[in-house]
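Data first, discussion second: the structure below is written as structure tokens.
What you see is a predicted model, and the numbers here were worked out from it, not measured in a lab. Below, read A as the first sequence line, B as the second, and so on, with proteins coming before strands; counting in each chain starts at 1.
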Amino acid sequence: MKQIKTFTMAGAALAASTAAHAWELDLGNNQKIDFHGFASQGFIASTDYNYLGKSTDGSFQFTEAGINASYSPFNRTRITVQGFAFDTGKIGNMEPFLDYASIEYTFNDYVGIRAGRVRKPGGIYNHIQDLDLARTAILLPQGVYDARWRDFSTSIDGGVLFGTIPLGKAGSLSYELFAGLVTLSDDGGVARWIVDGSNNKFDGFGQPVSVGGQLWWNTPIEGLRAGAYTGYMDDFTFKLITPVSPVGPFGPINAYAAADAHVLLQQYSLEYTWKKWTFQAEYFTYEYSGNNTVNVLSGSTPIQPTSISPSKTQPDAWYAGAAYRFNDWFEVGSYYTEHYADVHQRSGSPNASQKDLALSFRFDPKPWWIFKLEGHYIRGTSLLEDTANNPQRDGRGWFLFAAKTTFSF
Amino acid sequence: MKLGKFTALMAGALLVLPCLPSLALDGVVVVNDGVTATLDANALKDIYTGKTMYWPGGQAITIVVAGDKADAALEAASGMNASAFKTHWQRLAFSGRGQQPKRADDVAAALAAVAASKGAIAIVPAGTEPAGVKKLDVN
């Protein structure tokens with residue numbers, strides 16, 4: 001059923017893309033609604049480990065599709081809506097959802113406001129991490145942009161204040177400040193990561209508040225920009241149930257854990273486009289800090305005192321890469337990235353880090369059609385997850401191959 | 001890599017990068033008849049990079065790209081080659097932050113699109129007769 005959905009969406013995008021550059025609905029009196037869309041289908045195969053799906057067998061569960069509409073009903077006002085569906089291994093399952101739906105008012109170049117469900121900024125790619133056609137690589141550096149964590153990282157229900165401040169000979173400063181609520185999926189990547197490798201049952205997220213901002217200094221050097229992002233997520237709460245014993249004095253014994261934490265995120269970026277070259281480097285880290293409260297109950301009767309323990313973790317990741325556009329239809333890119341599960345323990349086990357060297361080839365046979373081929377040599381397994389399908393791990397290197405095609409209009 | 005090393009790498013890159021001169025605009029800027037604005041090169045660049053999305057009166061700006069017939073002028077105006085320009089706008093449009101430029105098949109189609117769309121702007125090859133649209137001098 002999922003594959004039917006995928007191919008139907010891809011077919012619709014193909015038909016639309018070959019028919020026109022974009023769909024436009026003319027409302028009369030010079031009022032038009034613009035429609036754009038895309039559909040991507042990928043394939044992942046890997047040696048040794050299953051990553052982002054059942055990849056050792058070859059996985060086609062690597063799909064994205066979106067359609068959006070944009071309309072300017074009044075001066076300085078724009079309404080945009082995007083529906084989106086994706087599939088990354090066990091995450092997404094091509095269930096369509098509202099990616100963003102916002103109304104925007106731009107007072108002037110210096111300040112505007114966007115409200116509704118909006119995309120969060122975050123480095124070079126967070127806005128567009130699932131938009132295959134806007135980059136050379138198939139897989140973004142996963143320690144920075146984890147394809148499974150998009151419910152955590154992409155949209156909020158709230159608002160964004162944005163604008164560009166000229167700095168004279170020093171260039172300009174673009175900013176986006178945001179605040180809103182994050183809706184996390186109980187079947188999403190973060191939930192699966194939390195319970196991965198345990199017999200815990202996930203029992204729901206709260207709805208954390210997320211605030212933060214992205215600054216971009218557009219330097220006086222043509223094509224060079226430097227960015228800094230920080231985000232803070234408060235009331236990051238979730239619950240777990242761990243079966244302890246089916247038999248107890250007052251009924252089955254279960255441990256009920258409740259986590260209450262905050263998350264501080266930082267990202268620093270540098271991007272330089274020069275002639276046919278694009279150079280990029282980014283560093284990303286987040287600090288998760290909070291308390292876990294555990295109650296052990298037999299039936300509904302506590303049988304142990306409540307325990308409260310602190311929980312803290314800080315992963316980080318960085319990458320540096322370059323891409324060269326040879327002509328209208330061919331581009332080559334490469335990046336090297338490292339991810340560490342804990343900045344205080346960068347070695348000692350295969351799961352401590354993951355280092356990835358990627359080489360990508362992008363072909364644009366038509367303005368509305370691209371396809372890509374990509375190879376990765378990876379050491380370490382800190383981003384692997386999916387313990388059930390990766391029971392044994394070691395520090396040896398492994399390979400991953402990816403292919404992807406995208407139609408857009 | 002520690003944050004300090006990463007910062008040093010970035011700072012080093014900033015120091016060694018060359019300062020590049022701007023390209024001259026080898027094309028003609030045309031706008032819809034209803035547009036009354038004047039532009040200099042910086043304002044034109046702000047439009048083509050999406051920093052400015054509305055004319056001073058508040059009308060939304062619609063960029064029309066004339067196929068590949070004015071790529072050099074487009075690069076001079078935006079600071080991006082045609083491929084980077086396309087990617088830049090796809091990033092804005094598919095994240096809800098902008099409206100993608102309309103792509104016309106040729107110069108005549110671009111002029112027709114500018115004539116038919118309020119607030120539209122295009123760069124066409126130098127020497128093009130701006131039939132049905134208004135030529136805008138870039139100071």
For the [atom1] atom of [X] and the [atom2] atom of [Y], what is their distance to the nearest 0.5 Å?
X: A:Ser72; Y: B:Ile61; atom1: OG; atom2: CD1; value: 10.5 Å
X: B:Thr62; Y: A:Lys32; atom1: OG1; atom2: NZ; value: 8.0 Å
X: A:Thr164; Y: B:Asp46; atom1: OG1; atom2: CG; value: 7.5 Å
X: B:Gln90; Y: A:Asp132; atom1: CD; atom2: CG; value: 10.5 Å
X: B:Lys51; Y: A:Ile165; atom1: NZ; atom2: CD1; value: 12.0 Å
X: B:Asp71; Y: A:Asp328; atom1: CG; atom2: CG; value: 7.0 Å

Exercise for the section: Determine, stepwise, if the pair A:Glu104 / B:Arg97 fulfils salt bridge (Lys or Arg N to Asp or Glu O under 4.0 Å). Expected result: CA-CA 9 Å; A:Glu104 174 186 293; B:Arg97 295 176 297 154; over 6 Å; no
Part of [X] lying under 4.5 Å from any heavy atom of chain A:
X: B:Trp89; result: neither
X: B:Ser117; result: both
X: B:Ala60; result: side chain
X: B:Thr52; result: both

Is [X] in contact with chain B via its backbone, its side chain, both, or neither, using a 4.5 Å heavy-atom distance?
X: A:Asn218; result: side chain
X: A:Ser172; result: side chain
X: A:Arg325; result: side chain
X: A:Tyr125; result: side chain

Problem - A:Asp34 and B:Gln100 side chains, donor-acceptor separation under 3.5 Å - result: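 No, A:Asp34 and B:Gln100 have no side-chain donor paired with an acceptor closer than 3.5 Å.
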Problem - Donor on one side chain, acceptor on other, B:Ser95 and A:Arg119, under 3.5 Å - result: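 No, A:Arg119 and B:Ser95 have no side-chain donor paired with an acceptor closer than 3.5 Å.
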Practice task
Give a yes or no on whether a salt bridge exists between B:Glu75 and A:Lys275, defined as a side-chain N under 4.0 angstrom from a carboxylate O.
Solution key: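 Result for this pair is no, no salt bridge flagged.
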Practice task
Compare all side-chain heavy atoms of B:Gln99 with those of A:His36 and state whether any distance is below 4.5 angstrom.
Solution key: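 With C-beta onward as the side chain, the pair stays apart.
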Problem - chain A contacts, top residue of B:Asn81, B:Leu92, B:Asn42, B:Thr49 (heavy-atom pairs, under 4.5 Å) - result: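 It is B:Asn81.
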Exercise for the section: Among A:Thr80, A:Asp99, A:Asp130, A:Leu131, find the residue that satisfies the side chain to side chain contact (heavy atoms under 4.5 Å, CB included) test when tested with B:Phe94. Expected result: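 When side chain to side chain contact (heavy atoms under 4.5 Å, CB included) is applied between B:Phe94 and each of A:Thr80, A:Asp99, A:Asp130, A:Leu131, only A:Leu131 qualifies.
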Practice task
Show the numbers, then the answer: is there a salt bridge (Lys or Arg N to Asp or Glu O under 4.0 Å) between A:Glu271 and B:Arg91?
Solution key: CA-CA 15 Å; A:Glu271 183 176 51; B:Arg91 290 178 178 184; 3.7 Å; yes
Exercise for the section: In sequence, state the C-alpha distance, the side-chain angles, and the governing distance for A:Arg76 and B:Met53, and then conclude on side-chain contact (heavy atoms from CB on, under 4.5 Å). Expected result: CA-CA 8 Å; A:Arg76 301 193 171 281; B:Met53 294 198 179; over 6 Å; no
Handout entry: Residue A:Tyr110 excluded, over 12 heavy atoms near OH under 6.0 Å
Key =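 Not buried by this count: 12 neighbours or fewer within 6.0 Å.
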Exercise for the section: Mind listing the closest non-hydrogen atom pair of B:Ser83 and A:Glu331 along with its distance? Expected result: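 Closest heavy-atom pair between B:Ser83 and A:Glu331: OG-OE1, 4.2 Å.
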